Amino acid sequence: MEYNFKEIEGRSSLYWENHEVYAVHNPQPGADTKPKCYILDMFPYPSGSGLHVGHPVGYIASDIYARYKRQRGYNVLHPMGFDAFGLPAEQYALEHGLHPANTTKQNIARYKEQLYQIGFCYDWNREVRTSDPQYYQWTQWIFLQLFNSWYDRKQDKTRPIAELEAILEAQGNAGYENEMPTIDAATWRSYSEKEKRAFLMEYRIAFSAYSEVWWCEALGTVLANDEVINGVSERGGHPVEKKKLKQWFLRITEYANRLLNDLDTLEWSDAMKEMQRNWIGKSKGALVTFNTEINKPIEVFTTRPDTIFGADFLVIAPEHPLVADLTTAAQQEAIDAYLKYTKSRSERDRLSQVKVVTGCFTGSYAIHPFTGAPLPIWIAEYVLMGYGTGAIMAVPAGDERDHAFATHFNIPITNIFGELYTGSEAYTQKNAILTNSSFLTGLTANEAILVAIDEIEKRGLGSPKTQFRLRNAGLSRQRYWGEPFPIIYKNDIAYTVYELEGQLDKEVLQLPVQLPYVERYAAGPGGASPLANIREWVEVGSNGTDTYLRETDTMPGYAGSSWYFLRYMDPHNNNAIASADAINYWQQVDLYVGGTEHAVGHLLYARMWTKALYDLGYLPFHEPFKKLLNQGMIQGSSRYVYRVKNTNTYVSFGLKDSYETTPLHVDVNIVNGLILDTNAFKASRPDYANAEFITEDGEYICGAEIEKMSKSMYNVVNPDAIVARYGADTFRMYEMFLGPVEASKPWDTNGIEGVFRFVKKFWRLFFNEEGIFYLSADQPTSDELKILHKTIKKLREDIERFAYNTCISQMMITVNELGALRCNKRTILEPLVAAISPFAPFMAEELWHLMGNEGSVTFAPYPEHDEQYLVESTKRYPIAINGKTKSEIELAIDISEDELKAMVTALPQMEQWLGGKALKKLIFVKGKMINIVA
RNA sequence: GCCCGGAUGGCGGAAUUGGUAGACGCGCCAGACUCAAAAUCUGGUAUCUUCACGGAUGUGCAGGUUCGAUUCCUGUUCCGGGCACCA
C-alpha cells in the first residue's frame, strides 16, 4: 500500500477524537498517580491573517516533548488558548465597522482549524480565551486582590490592605511608611473617609494616579508611545498632545528585588535573564541633598558619590517641582521657551536623540554640601522626572553626558582624576585615584564610594539608596476591547464592586463586570475610553446624595496573559481561578515555549502576578515558568523578478546584468525552487498579463533573498498548503529538521522533499513487494538490534536536550540502514513506531493499529535501549601524526597500551610518517584516538 | 554607546566532555529502470594539486595554550537580537 497521508491522517485524527485521547484529567488528591508535567506554549493573538509556517515551530517543539513525556509515563498538561483581547481587533473594528467579538471569534476558528490539522495533542476542553466573560471575571478578581493589597517591605511580602488599616488604626504607619510621610494613629483616625481612601491608595498594589497619555484629536483616540513619532501620530501624521488622565497602575517596583534575585532559580537562557536584569536595572548609589540660594533643598541620586568633589553644576528635569521657584526673573523668558520645547517632545525622542545637547540655566545656584561653592542649576531634557529624584549632580570630568553638557554651555570643569582626565573627554572608568577631592583624595572609586557615603550620612546630607530603572506598570487603556475594571466611583472615591454591596443592585456588583456591547468605538469625552459614551452602563445609580459611576478604562493585553497558565489547570471552575487541588497538583509550568519578543513585558508581569498571588496564599510557588525555551524565527526566502526599465519584459537572473532592471518581489508560491511559473505569474496580476520573458534555456530563473517572512515581501508560506501537499507528519518533521529550535533559519519549501522521502521509506518498511502489510516474526540479527538500540539511545538523549533536528537525522539513518538490510521484523519495527510517534503521530497511530495493537500509540511506553546490543569488540582508531589524522587501524576494544604501542610502532608506514625524526611520544586515548608525536 | 548571541561546503545544518571536521538532508553530477517523463533506486560531491596512488590547505580574521582546538584564552571584523542621555 502506498503511503497515503490524507487517508492516514484523517483516520488517526478521527481515532483521537472518538477516543478522547488528549483529554487530561486532574487526579483525586492523594491518589497514587503518574508524575505530572506541565508543558505550555505562549498562546497566540489570533490575527486576521492566520498562521504562517513560522508560527508552529514552537508548538511542534512542545508537542513533541509533551508526547514524549506521555510515553515516558507522565500525566502531561498541554493546553492551548487565545490571547483574544487587544488593539488590532479594535482597530479593525474602527475601520470596517465589524464588532471585535465577531472578528475575534472568526479568527480563532481559523487558527483552531490550522492547529487541528497539524496534530497537536492539546486538550481543547481546557481552551481559554481572555475575552470570554467566564475567563475575565477571574482577571477582574485578581485585580481586586491586588487592589486590596499592599507591600510590607519589612517582611518583603504582599499583605491584605485590611492588615495595614489595622496597623494604622493601632499605631499609625511608623515603620511602614513606604513612600508616605509618617503619621500617628490619632492622625489616621481623624481622617475623613475620602482622606483614608486616598492615603491607602498610595499603598495598594493596584492603584490609581494621574499620568499623561498621548491624545490625538484627528484620530479621536489615545495613542501608545510607539504610535507617536516625532510629535505626530504614526498613522496619518496628525498632531498629538499630552493629556493628564487618572489611570490604574501596578506597583511592580515593590517586587524589583525579588524579580531580580529569583532569576537565579530559573532555567532560562542567559540572554533572557540578562534582558530582564537590564529592564529591572538595579543600581546602588546615594541620595544627597544640595541646599539652594532660596533655601529649598534639591535631592539628587548618584551612583558615583565618590566624584562629589567634581560636581560643577546641578541639572534638574524640566518637570521638577522646584523649576518655577528657582527660575530668576532674568531667565524667565528663556526657561519658558525651553519648557515649551520639552513639552512637545515625547520621552522616546528625549531618550533617543543622544547627540543633541539642549538645556537652560535657571539663574539660581545650589551650594556644594562640602566645599560651599555655588553650583549653577540647569534644566535639561536628558534628566527624567521618572527616574531617581529627577535631579542630578553633574560631574563633567567623570560622566560623558555631563561632559558634553558642560562643554556645550562653557561651564568650567573641575578635574578630579589628575592626568587621567585629558580635558577632551570624561574619564568614566573606576580605576582612577582621586585627586583634588578633599578627604577622598588618594582613594580609588570603590574605596571612596564607601567613605563618601559614610561622610554624607554622618553630616546628615543624605543616605545610601538602591534605585531601579523599572517603573510601575500602567494598567489602564482608554480602549474598548479589554477587561472592564470592577471599580465603581462613589462620589469620586474608587471602590471595588464588593465594597458597595447593599448600596446598589446585586447585578451591578457581580463579577464579571461585563463589557457592554457598543456600536461605536470612538473615544469618550476628553480622551476617555469609548465606554464613557455609554451613559446607561456608566451611571449605575444615584440616591440623591451619592453618585455611582463605573470606571471606564479597560485593562491591557498583559492582564489576561499574566495568569492564564493557572486557568488551564481547572478551566471551568466557577468558584476560583482554579481549585487549590488543581494548583497543588499541576504546580509550576515545567516547560514554557515561546518567542523572545515577550522577554520583558509578558514574562515580567506574569512573574509579578505569581509572586503577589503566592504572598496572598493562593499559590504554592512563586515563579510561574521553571524552564523556558525560546524558539527562533523562521525567515522567509523571497524571490525576485527583474523588470527591464520602462517595459513589461522580465529578464532571468543570470542575464539581468546586461539590462537596466528593477527588482520586484514575486510571490514565492508561484516559484518552484528558483524557476518561475510564468503562466501563474501572468495570471497573478492584470498588469502582468502581457508580460514577456527573457529566459535562460527556456526557464525563467528568479533571484533569492532571505528576509523577514511578511505579506509585503510576498514570501509568506501557509502551512495549510504544505500539509495538503506533503501531510502533517512531514510538515512537523521538516520544521524541526531545519535546525535547532532556538535558532533563526530561513524556510525553503524545496528541502521538504528529503523529509517526505524519509516518511515514505519508513512506511514502506512495513509492506512487502505486493504492497501488503507484512511483518516477520523472525529473530532479529545482532546488526538489526544494534541499529534499533543505537537509535533509541540517540533519540532519548536528543529529545531531552530539544535537539529535534538530529533526532530526525538519526531516524533517516535508521531507515536507510534497515532498508538496506530489508528488515521487516516485528521486534525491530514495533519499538520504532513508538519511538517516532512524538514526531509523526498520524503515521505512528496508523501503523500501531495495523500491527494489531489496542489503544493509542500516544500511551505506548517509549522504548528503552539496552547497552548490551551496543557493545563493540573492535574499534577503528584514527592514527594522527602530530595531531593530523593520517590513517586508521582496527583494534580490539580491550587492547592494552603496551600491546598497542608495539603494534603501532611496528607498522610499515611508521618511517614515512616520522619523516626521519625520532618518535617522541605516543598518545593513546582509549576509545578515541592514537596520536604519534615526532 | 552598552549587554547578549552567532559566523563551519553551492544551501539548511552535524560534531553532546579538547580527540577521525563536514553526519543527515537539499542542490548538483553520473548511472539503473522507462518509448519518454515522473516516481524510485545506486554511486559521487569541502578546496587546491596529481593521470593515479597520494600530497597540501581548511570551521570569519590574527595570535596564544595543548601531543591534539569548530570546541579553551586574548585581540579583531562582520551579522543578528535586546537596551539606550537611567544619573
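What you see is a predicted model, and the numbers here were worked out from it, not measured in a lab. Chain letters run A, B, ... following the sequence lines, proteins first and then strands; every chain starts at 1.
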Notebook entry, point to check: Contact class for A:Ser269 vs. all strands (heavy atom < 4.0 Å): base, sugar-phosphate, or nothing?
Noted result: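 Answer is nothing: A:Ser269 stays at 4.0 Å or more from every strand.
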Next item on the list: Tell me what A:Thr389 touches on the nucleic acid: a base, only sugar-phosphate, or nothing, going by heavy atoms under 4.0 Å.
Entry: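 Nothing, no heavy atom under 4.0 Å.
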Check: Which comes earlier along RNA chain B counting from the 5' end, the contact point of A:Thr358 or that of A:Asn278, where each point is its nearest nucleotide?
Finding: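 Final value for this comparison: A:Asn278.
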Check: With nearest nucleotides of RNA chain B determined for A:Asp748 and A:Ala271 from heavy-atom distances, which residue corresponds to the more 5′ nucleotide?
Finding: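 Nearest-nucleotide comparison on RNA chain B picks A:Ala271.
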Between [Y] and [X], is there a salt bridge with N-O shorter than 4.0 Å?
| X | Y | value |
| --- | --- | --- |
| A:Glu817 | A:Lys790 | yes |
| A:Lys793 | A:Glu867 | yes |
| A:Asp270 | A:Arg277 | no |

Check every atom of [options] against the side chain of [X] and return the nucleotide holding the closest atom.
| X | options | result |
| --- | --- | --- |
| A:Leu738 | B:U20, B:G12, B:A87 | B:G12 |
| A:Ile923 | B:C67, B:G12, B:C41 | B:C67 |
| A:Lys794 | B:A87, B:U16, B:C26 | B:U16 |
| A:Val933 | B:U40, B:G13, B:C67 | B:C67 |
| A:Met929 | B:C86, B:U20, B:G19 | B:G19 |

How far, in whole Å, is [M] from [N] if one measures between their [atom1] atoms?
| N | M | atom1 | result |
| --- | --- | --- | --- |
| B:C24 | B:G44 | P | 11 Å |
| B:G58 | B:A69 | P | 11 Å |
| B:U47 | B:C41 | P | 26 Å |
| B:A15 | B:U71 | P | 15 Å |
| B:C26 | B:G19 | P | 29 Å |
| B:C28 | B:G18 | C1' | 36 Å |
| B:A52 | B:G63 | P | 33 Å |
| B:C61 | B:U77 | C1' | 7 Å |

Item checked: Syn or anti conformation of B:G9, syn meaning chi within 90° of 0 ->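 Syn conformation for B:G9.
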Nearest-angstrom distance from the residue atom [atom1] of [X] to [atom2] of [N]:
| X | N | atom1 | atom2 | answer |
| --- | --- | --- | --- | --- |
| A:Glu742 | B:G13 | CD | C1' | 14 Å |
| A:Glu797 | B:A15 | CD | P | 12 Å |
| A:Asn882 | B:A56 | CG | P | 12 Å |
| A:Phe756 | B:G27 | CZ | P | 14 Å |
| A:Asn630 | B:G6 | CG | P | 14 Å |
| A:Glu274 | B:C2 | CD | P | 15 Å |
| A:Gln276 | B:C4 | CD | C1' | 14 Å |
| A:His403 | B:G1 | NE2 | P | 18 Å |

Notebook entry, point to check: Between the base of B:U17 and the side chain of A:Lys928, is there any donor-acceptor pair under 3.5 Å?
Noted result: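 Answer is no: no donor-acceptor pair is held.
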Margin query: With a 3.5 Å cut-off and heavy atoms only, can you find an N or O donor on one side and an acceptor on the other between the side chain of A:Asn931 and the base of B:C67?
Written below: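 Yes, a donor-acceptor pair under 3.5 Å.
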Notebook entry, point to check: Hey, do the aromatic rings of A:Tyr382 and A:Phe405 have their centres closer than 6.0 Å?
Noted result: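 That pair passes the under 6.0 Å test.
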Does [N] have OP1 or OP2 sitting under 4.0 Å from an N or O in the side chain of [X]?
| X | N | result |
| --- | --- | --- |
| A:Thr885 | B:A21 | yes |
| A:Arg277 | B:G82 | no |
| A:Arg469 | B:A84 | yes |
| A:Ser283 | B:A87 | yes |
| A:Lys745 | B:G13 | no |

Mind checking who [N] pairs with, Watson-Crick or G-U wobble, both distances under 3.5 Å?
| N | result |
| --- | --- |
| B:U47 | B:A56 |
| B:C72 | B:G64 |
| B:A7 | B:U77 |
| B:C83 | B:G1 |

Margin query: Is it the case that atom CZ in A:Arg801 sees more than 12 heavy atoms from other parts of the structure closer than 6.0 Å?
Written below: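 Enclosed: over 12 neighbouring heavy atoms sit under 6.0 Å from CZ of A:Arg801.
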Item checked: Exceeds 12 heavy-atom contacts within 6.0 angstrom, atom CD of A:Glu400 ->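 At most 12 heavy atoms, drawn from other residues, nucleotides or ligands, come within 6.0 Å of this atom.
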Item checked: ring-ring contact (aromatic ring centres under 6.0 Å, His included) assessment of A:Tyr734 paired with A:Phe731 -> CA-CA 5 Å; A:Tyr734 185 54; A:Phe731 175 69; 8.5 Å; no
Item checked: Spatial distance of atom CG (A:Leu470) from atom CD1 (A:Ile280) [nearest 0.5 Å] ->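 The CD1 atom of A:Ile280 is 6.5 Å from CG of A:Leu470, to the nearest 0.5 Å.
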In a table with atom names and distances, give each donor-acceptor pair under 3.5 Å that connects a side chain of residues 924-934 of chain A to protein atoms at least two apart or in another chain.
unit_1   : atom_1 : unit_2   : atom_2 : d
A:Asn931 : OD1    : A:Asn882 : N      : 3.4
A:Asn931 : OD1    : A:Gly883 : N      : 2.9

Note to self: Restricting to non-hydrogen atoms, name the atom on A:Ala448 and the atom on A:Leu434 that form the minimum distance, rounded to 0.1 Å.
What the structure shows: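 Shortest heavy-atom contact: CB-CD1, 3.4 Å.
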Distances under 3.5 Å between nitrogen or oxygen atoms of protein and nucleotides 23-25 of chain B:
unit_1 : atom_1 : unit_2   : atom_2 : d
B:A23  : N1     : A:Ser809 : OG     : 3.4
B:G25  : OP1    : A:Asn816 : ND2    : 3.2

